[in-house]
Amino acid sequence: MIRRPPRSTQSRSSAASDVYKRQIISFGMNGTYEEASEMNNISLRTGVEDIKTFRDLLAVNGQQEARRWFKRFNGNETELASENPWREPIPIKGKDSFVAIPGQVPSKINIFLGKIGRNFTLEWSGETKSYAGVETRRYRLSKNDLASSKSYPPNHVYYLDKWDGVFNATPITKLPICVSKSNFLDADEELSSGIEVYDGSKPDRKITQNREDDDSAIDLEPNSGSPIRFRASIQGNVYIEPDFLFPVSRSMLLPIFQIEAQGGLSDRQISELFAPLKNARLAQKIIWWFGVIVFNLSIIIGIILIMLRRKQLRSSVKKDKLLFLLEPQEDTQATL
């Protein structure tokens, strides 16, 4: 049985991620540019040739394969170092941030996290959220990213061979640590069945899985591709096996900490930033409905004109027949 402290969340931050503070150090005419951050020199696509490739990573510090970058002291000075923590070299795939393509409304967004040297995929969950009148789409981490190699064979390269729903952080931390969603949400039932978690502020209250509290999500405005709100909830677990220190019947993951954070724009900031967008969307809807009305009226008027024309033609044919019957016919026998 585990008792944990009450849930606490960080206050929403009005500032964007530091990914937006990187200094552009060079700009190429071939549709690429480079940015510099504290630890990385990143080359990205500008999307000039294809907007879908906007902010796609080309290389990190000149390397096109996924590596974990870190700083170390070599005895004289601090230097930038890297290593491949995985079983095989993995090509970098995805963008450097959670920014989507404006107006594209993708179902999936591939991102690369340089801190751990791994590709991840965000998928639209089908959920929509509205903030200050601005509609967003909610993206969550793909289940394949935390699936075992038994369920998703490509994850063999990440040393995910035992359980679904966990990320093996041992190659990165050099400690027997696995990261999961809080309370083993979406993980193998084997992991959660042997663990009971209780609220630290209410010792008798057992914590159960809840997607709103235990999952991570990011809400993107689809027209601009901008992130509006995010929420992260992860759990760190230590891998233990049966021995004299841990009298358990099988190997398992023991939760040792939970991290929760949320942030994004306030309702006031959303209203101010997206007022032009909301006005443009309103104008777009008005124009669209105006076009629909005009189109339908055109069809109705066209049908009426066709019916009137057909009626006119029928009346004209009847009139011609009547005149033909009334005209005097020549006596062909008399002429003979």
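What you see is a predicted model; the values in this text were computed from it and never measured.
Between the side chains of D214 and S233, no donor-acceptor pair is found at a separation under 3.5 Å. Neither side chain, N61 nor S82, offers a donor N or O lying under 3.5 Å from an acceptor on the other. Using a 3.5 Å distance cut-off with no hydrogens or angles, the side chains of R45 and T53 do not pair a donor with an acceptor.
The two atoms that bring D215 and R231 nearest to each other are O-NH1, 3.6 Å, heavy atoms only. Closest approach of A66 to G117, counting heavy atoms only: CB-O, 3.6 Å. Nearest heavy-atom pair, P171 versus P85, reported as atom, atom and distance to 0.1 Å: CB-O, 3.2 Å. When all heavy atoms are compared, the tightest approach of E260 to D213 is OE2-O, 4.3 Å. The minimum heavy-atom distance linking D188 with K162 is given by the pair OD2-O, 4.2 Å. N237 approaches S180 most closely through the heavy-atom pair ND2-OG, 3.1 Å.
A donor-acceptor distance shorter than 3.5 angstrom exists from the side chain of T136 to the backbone of K129, with no hydrogens or angles considered. A donor-acceptor pair under 3.5 Å links the side-chain atoms of N168 to the main chain of T170, judged by distance alone. Within the 3.5 Å criterion, the main-chain N or O of N183 finds a donor-acceptor partner in the side chain of Q209.
The CG atom of L44 sits 11.5 Å away from the CZ atom of F112 when rounded to the nearest 0.5 Å. Considering CZ of R211 and CG of L185, their distance stands at 4.5 Å, rounded to 0.5 Å. Distance check, rounded to the nearest 0.5 Å: CD of E221 to CZ of R137 gives 10.5 Å. Summarising the geometry, atom CZ belonging to F167 is positioned 10.5 Å from atom CG belonging to L141; distances are rounded to the nearest 0.5 Å. Put simply, CD1 on I228 and CG on L220 are 8.0 Å apart, with the number rounded to the nearest 0.5 Å. In this structure, SG on C178 lies 13.5 Å from OH on Y159, to the nearest 0.5 angstrom.
Residues passing the side chain to side chain donor-acceptor pair (under 3.5 Å) test with D219, sequence neighbours excluded: Y131, R138. Legend: residues meeting side chain to side chain contact (heavy atoms under 4.5 Å, CB included) with N110, ordered by chain and number and at least two apart, are K93, T121. Applying the side chain to side chain donor-acceptor pair (under 3.5 Å) criterion to S125, with sequence neighbours excluded, gives E127. Looking at residues two or more places apart in sequence or on another chain, you find no salt bridge (charged side-chain N to carboxylate O under 4.0 Å, His left out) involving K150. Shown here are the side chain to side chain contact (heavy atoms under 4.5 Å, CB included) partners of A147, two or more places apart in sequence or in another chain: S151, Y152, N155, D164.
Relative orientation of the Y239 and W163 rings is tilted, given thresholds of 30° and 60° on the angle between their planes.
Side-chain contact between S149 and L160: absent, with no pair of heavy atoms (C-beta onward) separated by less than 4.5 Å. When side chains are defined from C-beta on, V157 counts as touching R87, because their heavy atoms get closer than 4.5 Å. In this structure, the side chains of D186 and L146 stay at 4.5 Å or more apart for every pair of heavy atoms.
Look at R140 and D145 and you find no salt bridge, because none of the NZ, NE, NH1 or NH2 atoms lies under 4.0 Å from a carboxylate O. Using a cutoff of 4.0 Å between basic side-chain nitrogens and carboxylate oxygens, E83 and K174 are scored as salt-bridged.
Atom CZ of R250 is surrounded by more than 12 heavy atoms from other residues, nucleotides or ligands within 6.0 Å. In E79, the CD atom is crowded: over 12 heavy atoms of neighbouring residues, nucleotides or ligands sit closer than 6.0 Å.
Cluster annotation: L175 and I259 are assigned to the same hydrophobic cluster (Ile/Leu/Val/Met/Phe/Trp/Tyr, side-chain heavy-atom contacts under 4.5 Å, transitive).
Each ring-ring contact (aromatic ring centres under 6.0 Å, His included) pair with one or both residues in residues 73-97, not counting sequence neighbours, appears once here: W86-Y158.
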